[in-house]
Number of protein chains: 2
Amino acid sequence: MRKKITKKIILDISVEIIAEEGYDALTLSRLAKSLGIRTPSLYNHISNLNQLRQEIAIKAFSHLHETLTDAVIGRSGEAALKEIFHSYVSFMRSHPGLYAAITRVPDPADEHIKEIADNSIDVIFRILEPYQLNKKDEVHMVRGLRAMAHGFVFIDMQGGFNMDVDIKQSMNESIETFLIGLKEVSLNNKN
Amino acid sequence: MRKKITKKIILDISVEIIAEEGYDALTLSRLAKSLGIRTPSLYNHISNLNQLRQEIAIKAFSHLHETLTDAVIGRSGEAALKEIFHSYVSFMRSHPGLYAAITRVPDPADEHIKEIADNSIDVIFRILEPYQLNKKDEVHMVRGLRAMAHGFVFIDMQGGFNMDVDIKQSMNESIETFLIGLKEVSLNNKN
DNA sequence: TCACAAAACTAACACCATTAGTTATAATAC
DNA sequence: GTATTATAACTAATGGTGTTAGTTTTGTGA
């Protein structure tokens, strides 16, 4: 008895194909071949390719989320933030297929996607707690940091950084710079 | 005599199709239809679809570059930086097709792409001149700001921002925060 | 007017996602 | 154990994609 094809197996193999051959290499025929079935048979398990891509993105997001939460264990404040940035970049570098899965998710407005994205952001919120910002400023600052993290990843993945200067150091100094300013905002806040 | 089909016309119509129907709507048959010729005839003018996409990305980049340089006219320092960020976001919002053209450029390592991307960064370098940072710090800080700008656009385009809090204000406050820190770095630099 | 190069054409190939309709398989009820 | 039934495989077909080869038309310059 050959082993049963489950949704989990389909997702796992899809991610595998993407990892090894790139995001666009994942076609239904390629996937079916790996599963040992004919292409149309896939429709007994998935609704269509876009839906599959959506689920792959969710898987990628949760994988990323896990990596980022792991990064802050035993760390706080600036050190935690730096580690998040570094983990983020290195995760995407070692999983360029998942990077594509996330940046090219068919429906970014999907509730599952939004939920897991929010969860990831919570990590940053917790790091900023000690600064005791007011609610609105807290949102602004989390957004700024989140944007910066995304941006570093984006530019790094597009090869937009000149190799002469270490990107890790750029991230560290950018974070330090931002946090110096943040302390100022925090002080003004208490008056 | 019907008008001659030039590379410029092909690019213009391609951008038009992308603008009105989205990035994936640009197919060779769609393009050929707009030009009033059959699909294979396109190969008398372009080498293939990916190459065309590459050239569209370059066009999009230069369009963006122009918008950003316009944004700083008559402004400097913080005001200029804020205007760049705002222009960046609003440009992408009003040209989602060009956003896709840029973020999904087939070959980001292309020399033309790198060159025009570097040109855009020069704007930020000029803004930071008054801070008199040393060469390395200047690179770090430009990278941080560039990443933040990219990140805000990226998250905005993916609909990742909760609408309750104004993104414009988040950008302003993030920039202010970063620049406060930057001033500190600048002072330490002079010793 | 002739020659030639540019740019159009048709026909074909190999892929793609997807649907409809059918058959085989495995589990369930009797 | 046999009949029933749902699951999951199959084949065949449709209409789309990019691309290549080979051919014909068109316009220009000699």
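In what follows, chains are A, B, ... by sequence order, proteins preceding strands, each numbered from 1.
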- Would you call Lys82(B) and Glu176(B) a salt bridge, using N to O less than 4.0 angstrom? yes
- Would you indicate what Ser41(A) reaches in the nucleic acid, counting non-hydrogen atoms under 4.0 angstrom: base, sugar-phosphate, or nothing? base
- Item | Rounded interatomic separation in angstrom, taking CG from Leu42(A) and C1' from dT11(D) | 15 Å
- Message: Tell me whether the side-chain N or O atoms of Asn44(B) pair up with the base of dA8(C) as donor and acceptor below 3.5 Å, since no angle test is needed here.
- Response: yes
- Item | Pairing of Asp12(A) and Lys8(A) as salt bridge, 4.0 angstrom limit | yes
- Does the side chain of His45(B) get closer than 4.0 angstrom to OP1 or OP2 of dA6(C) through an N or O atom? no
For nucleotides 18-22 of chain C, tabulate all protein N/O to nucleotide N/O atom pairs closer than 3.5 Å, reporting atom names and distance.
residue : atom : partner  : partner atom : Å
dT18(C) : OP2  : Tyr43(A) : OH           : 2.6
dT18(C) : OP2  : Leu49(A) : N            : 2.9
dT18(C) : O5'  : Tyr43(A) : OH           : 2.9

- Item | Rounded distance (Å) that lies between atom C1' of dG18(D) and atom CZ of Arg38(B) | 17 Å
- Message: Does either side chain, that of His140(B) or that of Asn172(A), offer a donor lying less than 3.5 Å from an acceptor on the other one?
- Response: no
- Query: Between Arg53(A) (CZ) and dA17(C) (P), how many Å, whole number?
  - Reply: 8 Å
- Message: In terms of relative ring orientation, are Phe178(B) and Phe178(A) parallel, tilted or perpendicular, with 30° and 60° separating the classes?
- Response: tilted
- Message: Quick check against the 3.5 Å criterion: does Ser94(B) have a side-chain atom that pairs as donor or acceptor with the backbone of Ser90(B)?
- Response: yes
- Query: Between dC10(D) atom P and Leu35(A) atom CG, what is the distance in whole Å?
  - Reply: 11 Å
- Message: Is any side-chain heavy atom of Thr103(A) closer than 4.5 Å to one of Phe154(B)?
- Response: yes
- Message: Using side-chain heavy atoms (C-beta onward) and a distance below 4.5 Å, is Phe61(A) in contact with His112(A)?
- Response: no
- CD1 of Ile5(A) versus P of dA26(C): gap in Å, rounded? 13 Å
- Item | Axis-to-axis angle between the two ends of the helix from dT1(C)-dA30(D) to dC30(C)-dG1(D) (five base pairs per end, rounded to 10 degrees) | 0°
- For the pair Arg30(B) and Glu21(B), find out whether any cationic side-chain nitrogen is under 4.0 Å from an anionic carboxylate oxygen. yes
- Message: From NZ of Lys33(A) over to P of dA17(C), roughly how many Å is that when rounded to an integer?
- Response: 14 Å
- Task: Figure out the CG/P separation between Asp24(B) and dA17(C), and round it to whole Å.
- Result: 14 Å
- Between His63(B) and Phe91(B), which heavy-atom pair has the shortest distance, and what is it? CD2-CE1, 3.6 Å
- Task: Side-chain contact test, heavy atoms from C-beta onward, threshold under 4.5 Å: evaluate it for Leu49(B) versus Arg53(B) and give yes or no.
- Result: yes
- Message: Is there a salt bridge (charged side-chain N to carboxylate O under 4.0 Å, His left out) between Glu55(B) and Lys7(B)? Walk through the geometry before answering.
- Response: CA-CA 10 Å; Glu55(B) 290 174 42; Lys7(B) 192 64 161 283; 3.2 Å; yes
Are any protein N/O atoms closer than 3.5 Å to N/O atoms in nucleotides 5-7 of chain D? If there are, list each pair with its distance.
none

- Task: Report the distance from atom CD1 of Ile37(B) to atom C1' of dT25(D), rounded to the nearest whole Å.
- Result: 14 Å
